[in-house]
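Below is one structure, written out as structure tokens, with a few remarks after it.
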Amino acid sequence: MKKCSLLLLSLGLGITILSNPTTHASSGYTVVKSSFPAGAGKMYHAANPKRNAYVWTTTKHTKKMANIKNYPNTSWHSTGTVVLRHNNKNAVYYRVGAVSPTKTKKSVSGWIWRGYLKPGYNPNFTKVKSISLDNATNAEYNQFIKQSKYQQLTRDVLALFPNSTVSKPLSRYALFRDPKDKIVNNVATFKAMDDFLNVKNQLTSQQRLAKIKAILAANGYTAAKRQKEYVIGIYLTNFQWSDQYATGDMHQGFAIGTK
């Protein structure tokens with residue numbers, strides 16, 4: 001995962017527009033206010049997964065893009081907000097896009113009434129391949145690692161450190177080396193680990209785990225030392241990407257912080 005993809009839709013300045021109301025004559029919906037803040041946006045999931053709740057292609061409400069009831073495991077990434085007036089009542093709508101897993105490879109995005117959504121990632125991560133470290137909370141990231149069927153190698157690596165905890169900020173530091181994510185003073189990173197994790201290979205998961213153990217041992221993290229309490233930064237996506245590793249823009253990362 002690249003840094004540019006993590007910082008999803010964060011280009012430009014945040015924009016809030018207060019203007020003369022715009023009425024869509026065919027639908028009777030009026031845009032009263034709109035806002036598109038800068039940053040990584042926010043994650044939401046269905047407040048009631050069994051309830052019909054429609055994503056509309058535009059604020060006109062003339063065409064339905066999707067019913068989120070049909071996306072029970074999906075999270076929705078919001079990047080904008082509008083206030084719509086209809087029948088003399090105001091309602092807040094979010095601009096959202098479906099985030100893995102989705103039923104189709106086709107992009108699913110549009111406008112949905114905020115009452116249909118709850119803040120945060122969908123709590124069911126079993127089928128989710130990856131999540132954004134910019135959007136996830138620490139608890140969500142840990143839950144993703146525990147549940148996702150794509151995170152077995154991560155779980156195997158963490159089993160090498162039975163008394164340690166995973167930190168989402170330090171996991172982000174493991175990828176980007178951003179000082180603000182260095183939540184403890186003493187953090188160890190390893191060039192050999194960076195190089196291995198960010199060069200494509202066809203090894204099995206067990207072979208990859210053995211290589212990671214060997215790198216740790218070569219840097220003094222033997223089985224005995226791994227019993228200590230550490231803060232772990234880790235982000236593994238099973239060596240799945242289309243381009244090669246470039247310094248400062250890693251796809252996978254690993255770091256060990258001392259409490």
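When every heavy atom of Leu197 is checked against every heavy atom of Gln252, the shortest pair comes out as O-NE2, 2.7 Å.
Between the side chains of Gln151 and Ser148, no donor-acceptor pair is found at a separation under 3.5 Å. Between Arg208 and Asn201, the side chains place a donor N or O and an acceptor N or O closer than 3.5 Å (distance only, hydrogens not considered). Using modelled atom types and a 3.5 Å distance limit, the side chains of Tyr93 and His61 yield a donor-acceptor pair. Between the side chains of Thr126 and Asn124, a donor-acceptor pair is found at a separation under 3.5 Å.
Atom OG of Ser109 is separated from atom NE2 of His77 by 12.0 Å, given to the nearest 0.5 angstrom. Taken to the nearest 0.5 Å, the CH2 atom of Trp56 stands 12.0 Å off from the NZ atom of Lys63. Remark: Leu133 CG to Thr137 OG1 distance equals 11.0 Å, nearest 0.5 Å.
Residue-environment remark: NZ (Lys127) stays at or below the threshold of 12 foreign heavy atoms within 6.0 Å. With a 6.0 Å radius and a threshold of 12 heavy atoms from other residues, nucleotides or ligands, Lys211 has its NZ atom at or below the threshold. Counting heavy-atom neighbours within 6.0 Å of Lys69 NZ, excluding the residue itself, gives a total above 12.
The shortest side-chain heavy-atom distance between Trp76 and Val55 falls under the 4.5 Å cut-off. Under the 4.5 Å side-chain criterion, counting only non-hydrogen atoms from C-beta, Val184 is not in contact with Lys259. The side-chain heavy atoms of Leu117 and Val96, taken from C-beta on, include a pair separated by under 4.5 Å.
Linking ILVMFWY residues whenever their side-chain heavy atoms come closer than 4.5 Å, directly or via other members, places Phe176 and Phe254 in the same cluster.
Val166 is linked by a side-chain contact (heavy atoms from CB on, under 4.5 Å) to Tyr141, Asn142, Ile145, Leu158, Ser171, Ile234, counting only residues two or more places apart in sequence or in another chain. Taking Lys180 as the reference, Arg172, Asp178 meet the side-chain contact (heavy atoms from CB on, under 4.5 Å) condition, with sequence neighbours excluded.
Using the six-membered ring where Trp is involved, Tyr121 and Phe125 have ring planes that are tilted, between 30° and 60° apart.
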Does Phe239 form a ring pair (Phe, Tyr, Trp, His ring centres under 6.0 Å) with Phe196? I'd like the steps, not just the answer. CA-CA 10 Å; Phe239 298 81; Phe196 173 65; 5.6 Å; yes
Decide salt bridge (Lys or Arg N to Asp or Glu O under 4.0 Å) for Asp194 and Arg177; before the verdict, give the C-alpha distance in whole Å, the side-chain angles of both, and the deciding distance to 0.1 Å. CA-CA 12 Å; Asp194 293 341; Arg177 306 295 196 264; 2.5 Å; yes
For residues 215-226, tabulate all N or O donor-acceptor pairs below 3.5 Å that involve a side-chain atom, not counting sequence neighbours.
| from | atom 1 | to | atom 2 | distance (Å) |
| --- | --- | --- | --- | --- |
| Asn219 | ND2 | Ile215 | O | 2.8 |
| Arg226 | NE | Leu160 | O | 3.2 |
| Arg226 | NH1 | Tyr221 | O | 3.0 |

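A distance-only check finds no donor-acceptor pair linking the side chain of Asn163 to the backbone of Tyr230 [under 3.5 Å].
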